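Report on one structure; see the data block that follows.
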Amino acid sequence: MFCYQCEETARGTGCTIKGVCGKEEEIAAYQDALVYLCKGLSVRNLAAMEMGKGNPDAGLFIADALFATLTNVNFDKARFTEFINNAVTMRDALPKSGANEPDACTWKPKGDADILEKAKTVGILSTANEDVRSLRSTLLFGLKGISAYYTHAAVLGRTDAAIVTFLQKGLASTIRDLPVPDMIALVMECGSTGVKVLALLDEANVAAYGKPQITSVKTTVGKRPGILITGHDLKDLEMLLEQSKDTGVDVYTHGEMLPAHGYPAFSKYPHLVGNYGSSWWHQKEEFEQFNGPVLFTTNCLVPPKDTYKGRLFTTGLTGFPGVPHIAAGPGGKKDFSKIIALAKTCQSPTALPGSGSDIVTGCAHDAVLALADTVVGAVKKGDIKKFIVMAGCDGRQKEREYYTAFAKALPKDTVILTAGCAKYRYNSLGLGTIGGIPRVLDAGQCNDCYSLVVIAQALAKAFGVGINELPVSYNIAWYEQKAVLVLLALLSLGVKDITLGPKLPGFVSPAVLDVLVKQFGLKPNTTVQADMARMVKA
Ligand code: FSO
Ligand code: SF4
């Protein structure tokens with residue numbers, strides 16, 4: 001196997017025996033085969049679309065398939081087998097794209113051994129040239145990010161044919177020999193399509209659940225049994241809350257589900273009692289202590305310990321062998337009655353050490369822009385000297401302590417703008433407020449980085465300057481492919497001088513890094529002191 005799609009990749013270069021994330025070689029092979037088939041399906045469908053004979057369902061199918069291959073989403077061979085079979089069926093129902101079709105358009109897997117053998121020749125290392133491999137990988141991982149966000153929007157009934165057409169165009173391009181400038185242009189188009197998909201999801205969330213409001217979330221535990229819901233899918237939360245009301249069971253959010261408390265449609269449920277635990281990589285300890293069932297709606301799923309595996313459920317694109325999966329029925333409805341029944345037999349959650357203080361969330365664009373006059377006034381008076389965008393992901397490596405130390409060392413006249421699970425490194429530090437404005441403004445999940453862009457654009461307008469002239473610095477933490485897309489989206493908007501850490505991506509070759517440094521001023525993070533001097537005090 002060879003996988004280098006996430007920040008925790010082995011030695012910073014690639015997982016070759018087993019994933020640091022727990023992905024086994026066999027699953028890596030199934031994922032590589034599925035991505036390959038999606039490339040062939042894209043080639044055929046794009047050609048068919050030109051003749052008016054395309055399959056309009058192929059785009060969402062590919063988005064779902066790619067989402068399943070993201071880091072920490074799905075470890076279940078049975079689910080990948082189903083995806084592979086469906087990809088072949090969908091591809092073969094389309095007319096041929098021409099006389100000399102690429103192998104991805106014609107290969108038919110003949111079972112397990114064939115898939116494992118094929119994966120050796122169609123994965124990342126099948127591109128020999130290091131820079132071409134780097135550009136194709138950057139594009140592929142950005143496309144995986146698009147897929148994840150598109151799937152979330154589609155669950156809420158929002159789709160956009162142009163986004164999934166680009167998804168297929170991008171995938172198809174990775175099996176063509178293209179000049180380097182064309183590949184760079186596709187990477188940038190991936191970023192601008194990323195902005196579109198983030199906006200689509202933002203609209204979908206607000207239309208379905210209302211505008212997030214700045215909200216304090218409890219982290220204490222109650223006496224009733226609880227269900228813990230983690231991941232990013234708000235529709236799953238909606239169905240769970242509706243089905244569990246008046247059952248004597250409480251619902252707690254975990255990880256990236258925390259911002260749900262800011263939406264009026266969720267805060268109205270009295271049995272949505274608080275947030276339990278922190279970011280994804282603490283789950284082994286936290287799920288054990290929770291005592292009740294845990295529902296995984298999306299990444300980041302860590303291979304579970306036996307002590308709580310019997311209380312784990314997956315839904316959506318997540319999966320793990322031996323863990324019950326709750327699939328959607330007609331109209332997308334899901335039946336969570338098994339989870340609720342199990343919860344009733346469980347003890348209430350154990351309070352986690354250090355928990356108990358409220359966490360503020362819901363600082364999305366509408367809520368922050370409602371305070372625009374106060375914010376602009378505080379900047380003009382010099383009460384706020386700098387905004388630091390510290391959005392992105394958390395991860396388990398010790399080096400991420402940098403982000404807590406950086407937040408603690410920030411001068412008191414700075415405000416952190418955040419989104420994604422990176423916030424757990426500093427959202428309980430009690431950094432206080434400036435004139436009533438929280439010093440940690442949590443816009444929400446990683447997809448809500450879009451909110452930060454809207455806020456930055458509104459500030460630029462208010463001050464009559466360009467986005468790079470604002471008193472805003474970017475100190476972004478990445479982990480998986482949604483964060484790759486968010487980075488490309490920021491670059492496509494012309495944001496310069498982003499600091500990226502805790503490590504630069506293993507898939508960025510020296511020559512591609514050179515482009516990122518020269519054109520965009522991208523930098524790796526270094527030490528708190530040096531980065532503070534550069535980002536805040538400069
Ligand atoms: Fe985190 Fe995981 Fe939201 Fe990611 S839970 S790391 S960018 O999947 O999705 O921020
Ligand atoms: Fe390794 Fe990350 Fe790939 Fe998992 S997702 S196999 S940790 S590079």
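Numbers for residues simply follow the sequence, beginning at 1. The figures that follow rest on heavy atoms only: side chains count, while hydrogens, waters and symmetry mates do not. Values in this document were obtained by computation on a predicted structure and should not be read as measured data. Indexing begins at 1, ligand by ligand and atom by atom, following the structure's order.
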Inset, instruction - Flag Y479 as yes when one of its N or O atoms lies below 3.5 Å from any N or O atom of ligand 1, and as no otherwise. - result: no
Legend entry - Sub-4.0 Å atoms of ligand 1 with respect to non-hydrogen atoms of C393: 6 (S), 7 (S)
Inset, instruction - Please identify which atoms of ligand 1 are closer than 4.0 Å to at least one heavy atom of N299. - result: 8 (O)
Charged N to carboxylate O below 4.0 Å: is that the case for [X] and [Y]?
X	Y	result
K196	D160	no
R400	E7	yes
K398	E401	yes

Inset, instruction - Measure from atom 3 (Fe) of ligand 1 to each N, O or S atom of C421 and report whether any distance is below 2.8 Å. - result: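 Coordinating: no.
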Inset, instruction - Kindly confirm whether atom 3 (Fe) of ligand 1 is within less than 2.8 Å of some N/O/S atom in C446? - result: yes
Inset, instruction - Please name the pair of heavy atoms, one in Y150 and one in A63, separated by the smallest distance, quoted to 0.1 Å. - result: CD2-CB, 4.1 Å
Inset, instruction - Return the minimal non-hydrogen interatomic distance between L143 and C190, and the atom names on each side. - result: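 Shortest heavy-atom separation between L143 and C190 comes out as N-SG, 3.8 Å.
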Which protein non-hydrogen atom lies closest to [atom], naming both residue and atom, and how far is it?
atom	result
atom 9 (O) of ligand 1	H232 NE2, 2.8 Å
atom 2 (Fe) of ligand 1	C300 SG, 2.2 Å
atom 4 (Fe) of ligand 1	E480 OE2, 2.3 Å
atom 5 (S) of ligand 1	E256 CG, 3.6 Å

Inset, instruction - Evaluate the ring planes of F266 and Y209, with Trp represented by its six-membered ring, and classify them as parallel (under 30°), tilted (30 to 60°) or perpendicular (over 60°). - result: tilted
Inset, instruction - Could you walk me through whether Y252 and I227 pass the side chain to side chain contact (heavy atoms under 4.5 Å, CB included) test, one step at a time? - result: CA-CA 6 Å; Y252 294 78; I227 297 170; over 6 Å; no
Inset, instruction - Could you tell me whether the side chain of N275 and the main chain of G277 form a donor-acceptor pair under 3.5 Å? - result: yes
Legend entry - Donor-acceptor contact present, side-chain K284 to main-chain W281, <3.5 Å: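 Absent.
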Legend entry - Part of Q445 with heavy atoms under 4.0 Å of ligand 1, whether side chain, backbone, both or neither: neither
Inset, instruction - Nearest 0.5 Å please: distance from the CG atom of L485 over to the CG atom of L198. - result: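 Answer rounded to 0.5 Å: 6.0 Å.
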Legend entry - Ring centre gap for F313 and F296 strictly below 6.0 Å: no
Legend entry - Cut-off under 2.8 Å, centre atom 1 (Fe) of ligand 2, protein N/O/S atoms: C15 SG
